[in-house]
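Everything on this sheet refers to the single structure shown next.
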Protein chains: 2
Amino acid sequence: MPIEAESPRAWRAVLEHVERRLLDGDLLPGERLPGERALAADLGVGRSSVREALRVLEAMGLVRTASGSGPNAGAIIVATPGGAMSALMRLQVAAHGFPVADIVRTRLILESAVAGELAERAGAEAGLETLRSSTGEGAGLETLRSSTGEGAGLETLRSSTGGSSTGGSSTGGSSTGEAGGLPAAERLLDAMDSPDLEPAEFLALDAAFHLALAEASGNQVVTATMAGLRSSIEGYALDGLARIDDWHATSARLRREHRGVVDAIRAADAPTARRRIHDHISGYYAETFPEPAPTPAAAPAHA
Amino acid sequence: MPIEAESPRAWRAVLEHVERRLLDGDLLPGERLPGERALAADLGVGRSSVREALRVLEAMGLVRTASGSGPNAGAIIVATPGGAMSALMRLQVAAHGFPVADIVRTRLILESAVAGELAERAGAEAGLETLRSSTGEGAGLETLRSSTGEGAGLETLRSSTGGSSTGGSSTGGSSTGEAGGLPAAERLLDAMDSPDLEPAEFLALDAAFHLALAEASGNQVVTATMAGLRSSIEGYALDGLARIDDWHATSARLRREHRGVVDAIRAADAPTARRRIHDHISGYYAETFPEPAPTPAAAPAHA
DNA sequence: GCTGGTATGTGGTCGGACCACAGTATCAGA
DNA sequence: TCTGATACTGTGGTCCGACCACATACCAGC
């Protein structure tokens, strides 16, 4: 739409071409892009430019490329925002574009909202019990997403750019939310009760738990964003591990707080759920970071 | 950190090299990357691979490239997450990775939190009045960000990948928040009072207003995310314009609601600010989208 | 019918070659 | 000496051709 003078950059033309085809709907997830050579010939650019555009698309989590031949080869449209968001935020933090404090503040906002929403939904479900399917989450105005089911499975997440450590949970699938939902999160809590757990392993499970909560909310955007937020400060979290005096006591407290959050959600007590997850995150970072508390003026989330 | 077997992909090695240098701190914003040929020679890869990695970095808002010679040429480290976030979310929506409903739901979460936080801060400032500077926003654990001031200015935002229409407001600068703050948002409201405004122009100003609120919160992550959310559904917003019966009445209502939000913030009434911004966004999308309301079960934000 | 090698096409990478561009050094002229 | 235009140098931007590794599809031979 924007005139913007056709950028002399050839690779951008390729990018815009793909985006337009995507928007026009004749390029659905699971389908294959034309070959690099064909695309170059079609658009009148060199293959290098096509490849640069494809690298961007790959980094954005839009395509998955594979060598060889057959139906799985080539550039296939996928939609795995988790890895892309992680890479983006991780790099921005590395380049001092995202202050760590803002990352934490955003975590507070999103996770409080997620916990509150889950609790409210639990209350609503307990109330009218039967027609659970009618409150379908992510399927607001897009029910066609079932067409994704073919090539955009949960695997191959790792092939995205940043894929360092988004956590074990998948991010792409589970179209209507509730892919495991709260039970999945609680399974992670059970795993965290294992006494012989390295701090780093505990931290990984902790990350997976928080991500599972977001997934349970059924909001793909929040899920991907939280994956990005988490992985962007993972290095700091690992460093902060050394700052903890009594790991045993700390991990016990974290486990207790996790259970408290889930309990509040199950009890449909939204304000308590919000407050508990907020204090949980806020408290952990206050303990593990040297600087003053990340929460700025007042408690931002729960009124 | 993760072993992950050195990806056979050469361009990824370049990406990781740059990321490591970034994390090690010997590559600060404003500084220049080595030339493509030198980088290729250093890492033992071809220039094509270096270029593919640079395209990814450019798309992620990490570098800004310029031809020619001199201090402004080459790949310069910047940190402009706004454009990158916009491109990422826009493409994800185009590829059906982000349902539009989830975009709207996330807007509700973030903007409610922003409005509430601004209101609370207004109350805090009114209370202790003098030591305003001590509640510095984004400068939680990173005060070194003033080093950004040289090359990572507000301009050159446009050169990022998606740069279609993030809105007029800048996204990269304003390190300690409050770059205009609420007054900037109110200036936009004044501009929206102009009677001879095309609906599309009004919409652009509306987007800028919401972004200005986020900027006023001083949270770079939220600001960039909101820029992305907004631009990702801009096409839908424009399409929805045709769905509005009486544009005059609608625009008057929107203006009134905007003022109401700012008034609540100025009055330090956080719950009201949250509710008003929530209803504002929710109401607009209910009017402009055909499907059922995007808000799922209950009012998610304000308890 | 099954098995194995082969043909084909894919992305991945490299190296080279140009171009346009923007500074900078150089040198001729006043 | 100063000034101006010129040539030079190095940058990214693009294209091209070539090769490789790989995975499938095909087909001859068993």
Side-chain angles (χ1 to χ4, degrees), chain A residues 4-18 30-59 62-78 150-151 155-156 158-161, chain B residues 5-18 30-60 62-78 151 155-156 158-161 163:
Chain A
E4 191 151 341
E6 67 299 326
S7 321
R9 267 82 90 70
W11 62 272
R12 192 168 294 219
V14 181
L15 209 53
E16 287 165 6
H17 170 79
V18 174
E31 292 185 358
R32 287 185 36 188
L33 242 58
E36 297 179 351
R37 295 165 176 86
L39 209 46
D42 288 351
L43 300 180
V45 300
R47 186 155 88 106
S48 319
S49 302
V50 171
R51 300 200 89 249
E52 292 181 16
L54 286 182
R55 285 298 80 70
V56 172
L57 288 175
E58 186 175 347
L62 259 291
V63 302
R64 167 183 72 83
T65 61
S67 292
S69 169
N72 284 343
I76 296 181
I77 300 288
V78 296
E150 185 219 335
E155 71 285 27
T156 74
R158 276 336 226 321
S159 68
S160 97
T161 290
Chain B
E6 67 300 325
S7 321
R9 266 80 93 67
W11 63 272
R12 194 168 293 219
V14 180
L15 208 53
E16 287 165 6
H17 170 79
V18 173
E31 292 185 359
R32 287 185 38 189
L33 242 57
E36 297 178 351
R37 295 165 177 85
L39 210 46
D42 288 351
L43 301 181
V45 299
R47 185 154 89 106
S48 319
S49 302
V50 171
R51 301 201 90 251
E52 291 180 17
L54 285 182
R55 285 298 79 73
V56 173
L57 287 175
E58 186 176 346
M60 295 289 203
L62 259 291
V63 302
R64 166 184 72 83
T65 62
S67 293
S69 168
N72 284 341
I76 296 181
I77 300 288
V78 297
E155 70 287 23
T156 73
R158 277 346 248 291
S159 68
S160 99
T161 290

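Within every chain, numbering begins at 1; the chains are lettered A, B, ... in the order of the sequence lines, protein sequences first and strands thereafter.
Taken residue by residue, residues 39-49 of chain A places heavy atoms nearer than 4.0 Å to DNA chain C at Arg47(A).
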Nucleotides 6-8 of chain D: which of its N/O atoms have a protein N/O under 3.5 Å away?
none

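Inter-residue side-chain proximity for Met60(B) and Leu15(B) is flagged as unmet; no heavy-atom pair is nearer than 4.5 Å.
Protein chain A touches strand DNA chain C; the 5'-most and 3'-most nucleotides with an atom under 4.0 angstrom of its non-hydrogen atoms are dG9(C) to dT13(C).
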For residues 37-47 of chain A, run the donor-acceptor check on the side chains, cut-off 3.5 Å, and write out each pair with its distance to 0.1 Å, sequence neighbours left out.
| from | atom 1 | to | atom 2 | distance (Å) |
| --- | --- | --- | --- | --- |
| Arg47(A) | NH1 | Glu36(A) | OE1 | 2.6 |

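Looking at heavy-atom distances under 4.0 Å, Gly70(A) makes contact with sugar-phosphate atoms alone, never a base.
For Glu52(B) and dT14(D), the CD to P distance is 13 Å, given to the nearest whole Å. When the P atom of dC22(D) is taken as reference, atom CD of Glu36(A) falls 17 Å away, rounded to whole Å. Distance Leu15(A) CG to dG13(D) P: 15 Å, rounded to the nearest Å.
Applying the side chain to side chain contact (heavy atoms under 4.5 Å, CB included) criterion to Ser48(A), with sequence neighbours excluded, gives no partner residue.
Classification of Glu52(A) and Arg51(B) as a salt-bridged pair holds, one side-chain N sitting under 4.0 Å from a carboxylate O. Between Arg9(A) and Glu58(B) there is a salt bridge, since at least one side-chain N of the basic residue sits less than 4.0 Å from a carboxylate O of the acidic one.
Smallest separation of non-hydrogen atoms from Trp11(A) and Ser49(A): CB-O, 3.4 Å. Closest of all the heavy-atom pairs between Pro71(A) and Ile76(A) is O-CD1, 3.7 Å. Of all the heavy atoms in Val56(B) and Arg55(A), the pair that sits closest is CG2-O, 3.8 Å. Nearest heavy atoms, Leu54(A) versus Val63(A): O-CG2, 4.1 Å.
With values rounded to the nearest 0.5 angstrom, Ile77(A) atom CD1 is found 8.0 Å from Glu31(A) atom CD. Distance check: Leu33(A) CG to Leu62(A) CG gives 9.5 Å after rounding to the nearest 0.5 Å.
The nearest heavy atom of DNA chain C to Val50(B) and to Arg37(A) marks one nucleotide each, and the one closer to the 5' end goes with Arg37(A).
For the OP1/OP2 pair of dG13(D) and a distance below 4.0 Å, the side-chain nitrogens and oxygens of Thr65(B) include at least one atom meeting the criterion.
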